[in-house]
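Quick notes on the structure that follows.
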Amino acid sequence: MTANIGFEETLWRMADKLRGTMDAAEYKHVVLGLLFLKYVSDAFEEKYEALAADPSADPEDRDAYAAENMFWVPKEARWSHIREHSKSAGIGRIIDGAMAAIERENPALKGVLPKDYARPALDKTRLGEVVELFSFKVGDRESRSRDVLGRVYEYFLSKFARAEGRNGGEFYTPNSVVRLLVEMVQPFRGRVYDPCCGSGGMFVQSEKFAEEHHGRAGDIEVYGQESNPTTWRLCKMNLAIRGVDGNLGPHHADTFHHDLHPDLKADYILANPPFNISDWGGERLADDPRWEYGAPPAGNANYAWIQHIVSKLAPDGVAGFVLANGSMSTGTTAESEIRRKLVDADLVDCIVALPGQLFYSTMIPVCLWFIAKNKAPDGLRDRRGETLFIDARKLGRMADRTHRELGADDIRKIAGAYHAWRGQPEAGAYGDVKGFCKAAALAEVREHGYILTPGRYVGIEEAEEDGEPFEDKMARLTAELVEQFARSRELEDEIRRRLGGIGFDF
């Protein structure tokens, strides 16, 4: 699913080699900060040269750049200046100065860019080599049209997530999971919110979706929040290189304890909250108004995230988010009671069980929850009193020895079932498919004790008919079973004989 334009893997191998012994979490900001700097410089310098060639234009006119949504890049921050000094012992100080200058001239980037390239621990020879490595075009018009930097940036994010392992999941959701969420929720236009936005993948994919469906940049409004300060800056950079004007608040902040968008009601919510976090400070929020369906346990934030998301939805809003599988069936008193109330309130629109090994950060099996405030909106089927269950555990392919990805056909199959069930005309008629999907009435969910595991509802996939007559098949299978029993007895006798030979008495 990761877009490939021919040189990302080679670029990654070269960049990773230059990392040496530096920790991936630290090196990530070195590399991605430089990519951002190269991008804004490329775009600026191309425009500067065009204006300089026009006798009626002034290349130092800031308004000419602002009109095309470009950042103003002062002389000391332009890549040509940085590359001239790539072999200098002072390259770290020069890059820090460039980052500070760009922030000074562009208030939207204040406090966002990394400025610790001069630190003694960073090998300046390697840093200069990275500068040379990145001296290809990423921000000129042709590269922007091919989204060169966006694709390299996304590729590097996925690689850093894998290199960081468990901690990588704090800032990166695998592209195929993001695409599936976005394809199911379909944020054509309106307010999109992510309460734990990481590096901003949900926003980037939402913008792509809107544009691919004949929308325009700006058709969606982006609102997000992130508690990790370095990840918050990473997200700001990721949105900036895509030209996405997102409201991530003035700083990083904990969503539970310092909600930066208290009055927001979002049309779409897309999120991948951290799984099963126990130190979320729930004991200090016992009477929080967001807990409309019950106070979540202090030892697990899963149901706090669900209720926070519900509280942020507009009257016709739809949310899609990732949770650990335990959220579907947990038997703790508080969580099972909240789940019962959510189901009885007819908020649970769809549950999708995903295959394992999709995430770099955890081997925990995960699922997708979809919440809808209004199951009978204009233009769609009245779904009140129903929940769709999809078991997608058998889908996807192994991209490598440890990591699975959902392919385009997998995403179409899952999203198509959801859209058909919702009554979207272009998706065709919906029908239950044994082993894959089932539309269950609330009464059936109640019969299952409000457990939302799709496997309980979809049943077992029907085996393909092989044409062998039943009588013949029964005789063959019986003969095979008798043969296996006989072989089992032979093995048992052999084991007993050998153990008897070394003094064991039966």
Side-chain angles (χ1 to χ4, degrees), residues 1-5 8 28 31-33 35-36 39-40 43 69 71 108-109 112 138-139 143-161 168-213 215-226 228 230-249 266-273 319-322 358-360 405-406 408 411 415:
M1 296 305 301
T2 302
N4 194 298
I5 48 178
E8 295 100 331
K28 172 178 67 194
V31 169
L32 296 178
L35 276 173
F36 178 83
Y39 172 82
V40 297
N69 200 27
F71 295 107
L109 295 175
V112 171
V138 294
S143 299
R144 293 199 305 275
S145 70
R146 294 189 294 134
D147 193 22
V148 170
L149 182 60
R151 294 158 77 172
V152 171
Y153 200 88
E154 182 176 288
Y155 190 82
F156 273 38
L157 280 174
S158 70
K159 287 290 192 178
F160 279 121
E170 294 180 3
F171 70 88
Y172 183 78
T173 304
N175 181 263
S176 66
V177 177
V178 176
R179 284 194 59 204
L180 175 58
L181 281 167
V182 171
E183 288 292 334
M184 290 184 74
V185 168
Q186 295 185 312
F188 291 109
R189 60 184 56 82
R191 292 154 296 189
V192 177
Y193 173 60
D194 184 344
C196 41
C197 61
S199 57
M202 302 291 184
F203 302 139
V204 170
Q205 191 61 41
S206 295
E207 284 278 353
K208 285 183 180 177
F209 179 88
E211 291 175 5
E212 287 169 1
H213 291 77
R216 302 184 307 275
D219 277 357
I220 64 171
E221 301 172 48
V222 165
Y223 296 85
Q225 185 159 342
E226 173 55 46
N228 183 297
T230 54
T231 304
W232 179 82
R233 291 195 292 270
L234 200 64
C235 185
K236 293 277 282 187
M237 285 193 289
N238 197 11
L239 296 186
I241 64 175
R242 312 283 188 156
V244 178
D245 184 18
N247 181 348
L248 305 184
D267 301 296
Y268 309 98
I269 298 179
L270 295 159
N272 173 26
F321 49 94
V322 186
L358 289 172
F359 285 75
Y360 303 117
E405 288 184 345
L406 295 171
I411 291 172

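Bear in mind the structure is a predicted one, so any value in this text is a computation, not a measurement. The first residue in the sequence is number 1, and the count goes up from there.
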Identify the heavy atoms of [X] and [Y] that sit nearest to each other, and give their distance.
X	Y	answer
C196	P273	SG-CA, 3.4 Å
K236	L248	CD-CD1, 3.5 Å
C197	F203	CB-CE1, 3.6 Å
A266	Y193	CB-CB, 3.7 Å
W232	G249	CZ2-O, 3.5 Å

Does [X] reach the side chain of [Y], with side-chain heavy atoms less than 4.5 Å apart?
X	Y	value
I269	P195	yes
V112	M237	yes
V222	D194	no
L181	M202	yes
V204	V244	no
L239	E207	no
N272	F321	no
L270	V182	yes

Any donor-acceptor N/O pair, N238 side chain to S199 backbone, under 3.5 Å: yes
CG (L406) and CG (N175) are apart, to the nearest 0.5 Å, by 10.5 Å
Let me confirm one number: the CZ-CG distance from R233 to N228, rounded to the nearest 0.5 Å. 8.5 Å
Got a sec, which residues hit ring-ring contact (aromatic ring centres under 6.0 Å, His included) with F71, two or more places apart in sequence or on another chain? none
Who pairs with E183 by side-chain hydrogen bond (donor to acceptor under 3.5 Å, both in side chains), at least two apart in sequence or on another chain? none
Sorted by chain and residue number, the salt bridge (charged side-chain N to carboxylate O under 4.0 Å, His left out) partners of R191 (sequence neighbours excluded) come out as D267
side-chain contact (heavy atoms from CB on, under 4.5 Å) filter on Y268, not counting sequence neighbours, yields V185, P187, V192
Under the side-chain contact (heavy atoms from CB on, under 4.5 Å) test, residues paired with D245 that sit two or more places apart: none
